[in-house]
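I have a structure here, written as structure tokens, and I will follow up with some questions on it.
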Amino acid sequence: MKEKILKLFKERFGTDGILYASAGRINLIGEHTDYNGGFVFPGAIDRYIAAAINVNGTDRVRLYSADMDAYVEFGLKEEDAPKEQWARYVFGVCREVIKRGGQVKGFDAVFAGNVPLGAGLSSSAALESCFAYAMNDLFNDNKIEKFELAKIGQSTEHNYCGVNCGIMDQFASVFGKKDCLIRLDCRSLEYEYFPFKADGYRLVLLDSKVKHELVDSPYNKRRQSCERVAATLGVETLRDATMEMLDAARDRISEEDYKRARYVIGEKQRVLDVCDALNRGDMETVGARMYETHHGLSADYEVSCEELDFLNDIAKRMGVTGSRIMGGGFGGCTINLVKNELYDAFIAEAKKCFNEKYGHEPVVIDVVISDGAHRC
Ligand code: GLA
């Protein structure tokens, strides 16, 4: 892919591009906790967006998406925003760098990727982080701090793409490190790398191919529910709420909001439990918490769907150690922690049963925990 991008850059712009890449992510546990000030436990994966970029001496950006075979040009002022959604990710990053007092000048870019779209692997965060990293390297002597790069991506989602997301995806894409998951405390922004050596196990994603589109999805509504409950309980975020506080205020909270908050409060402890269990090498507890998260996301947070519940049920029935819906929800994939000896049988059974019921197989995505944003 990298050679192809460099070649396309040369053909289109007549000069050599500098290559940057950033990764998609998985999240072992800690879903919908980031915008509640809670914990997340993601890692970058070996699926990337890569871009060849170089300055062009003008005040315009010339951008080519190789995967879509689509080209746009735009300026760098607020009123220059492109109409194309895919280009707004790059435009937004440029604007957010400028708004923070950073430099961006005209550049040419060709990009492509192998992060599956709509699977919940944060292809958009990979794109944002790739360009944020590149803008820092090309125009700002790498003086913008890494956390700020992640926030530039997050603000791009908020201000240019209509998704009121948390920090997890961009954080994982920027901070990802080979063979490590990262526990991030989204309130203090303290983070810790955990080597992920699950000897005897594999992490595999099953993509249901159910369309996952956070823009215009009920994602923003989930966030509003959480904020309403936090306000009722008199806390800044649900990170500071307990089940006791929630129950005491039950008659002042709608049934729907109550369920949303119950899930979030439970998830906080589950992330901590999983980190402790990993330190002890106790994969059974890791897996048990993953199933609990799935149940909460399906029954209380209501971001699962029939197809993902079906995949989760197959995993449970086959004795897979852990399985749950991953990412924002409303489609996408499950993440599964599977013993090596069970792997082939599980995949075969999931493909067969899913195909019988829905007329197509789920896409199997084996993941390797990898490095985040970098210059190649
Ligand atoms: C999406 C958002 C993240 C996070 C997850 C759910 O991926 O971009 O900020 O909220 O959903 O955990």
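Both counts, for ligands and for their atoms, begin at 1 and track the order of listing. A quick note: this is a predicted structure, and the numbers were derived from the prediction, not measured.
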Per-atom contacts of ligand 1 with Gly166, taking only distances under 4.0 Å to non-hydrogen atoms: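 Per the distance check, 9 (O).
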Distance filter under 4.0 Å to Arg25 heavy atoms, resulting ligand 1 atoms: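 Selected atoms, number and element: 7 (O).
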Pair Glu256-Ser225, side chain to side chain donor-acceptor pair (under 3.5 Å): steps then yes or no: CA-CA 8 Å; Glu256 189 177 280; Ser225 282; 4.6 Å; no
Student check: side-chain heavy atoms of Leu19 and Ile5 closer than 4.5 Å: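 Result yes, sub-4.5 Å side-chain heavy-atom pair found.
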Between Ser173 and Arg25, a side-chain donor and acceptor under 3.5 Å: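 Side-chain D/A pair, Ser173 to Arg25: absent.
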Pairwise distance CZ(Phe39) to CD1(Ile29) - rounded to 0.5 angstrom: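 The distance works out to 13.0 Å.
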Those atoms of ligand 1 less than 4.0 Å from some heavy atom in Tyr35: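 Numbered from 1, ligand 1 contributes 10 (O).
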Per-atom contacts, ligand 1 versus Cys165 - under 4.0 Å to a heavy atom: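 Per the distance check, 2 (C), 8 (O), 9 (O).
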For Asp34, atoms of ligand 1 separated by under 4.0 Å from a heavy atom: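 With Asp34 as reference, the close atoms of ligand 1 come out as 3 (C), 4 (C), 9 (O), 10 (O).
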Close-contact set for ligand 1 against Tyr219 heavy atoms, below 4.0 Å: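 Result: 1 (C), 2 (C), 3 (C), 4 (C), 9 (O), 10 (O), 11 (O).
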Residue pair Asp185 / Tyr191, side-chain donor-acceptor N/O under 3.5 Å: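 Tyr191 and Asp185 do not have a side-chain donor-acceptor pair below 3.5 Å.
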Residue Met168 vicinity, atoms of ligand 1 by number, heavy atom under 4.0 Å: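 Ligand 1 atoms under the 4.0 Å threshold to Met168: 4 (C), 5 (C), 12 (O).
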Full working for salt bridge (charged side-chain N to carboxylate O under 4.0 Å, His left out) between Arg100 and Glu145: CA-CA 12 Å; Arg100 286 164 171 76; Glu145 286 184 359; over 6 Å; no
Asp309 versus Ser304, side-chain donor and acceptor atoms under 3.5 Å: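 Yes, a side-chain donor-acceptor pair sits under 3.5 Å.
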N or O contact, His32 vs ligand 1, cut-off under 3.5 Å: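 Yes; the residue has a nitrogen or oxygen that sits under 3.5 Å from a nitrogen or oxygen of the ligand.
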Backbone or side-chain N or O of Asn27 under 3.5 Å from ligand 1 N or O: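 For ligand 1, there is no N or O atom that lies under 3.5 Å from one belonging to Asn27.
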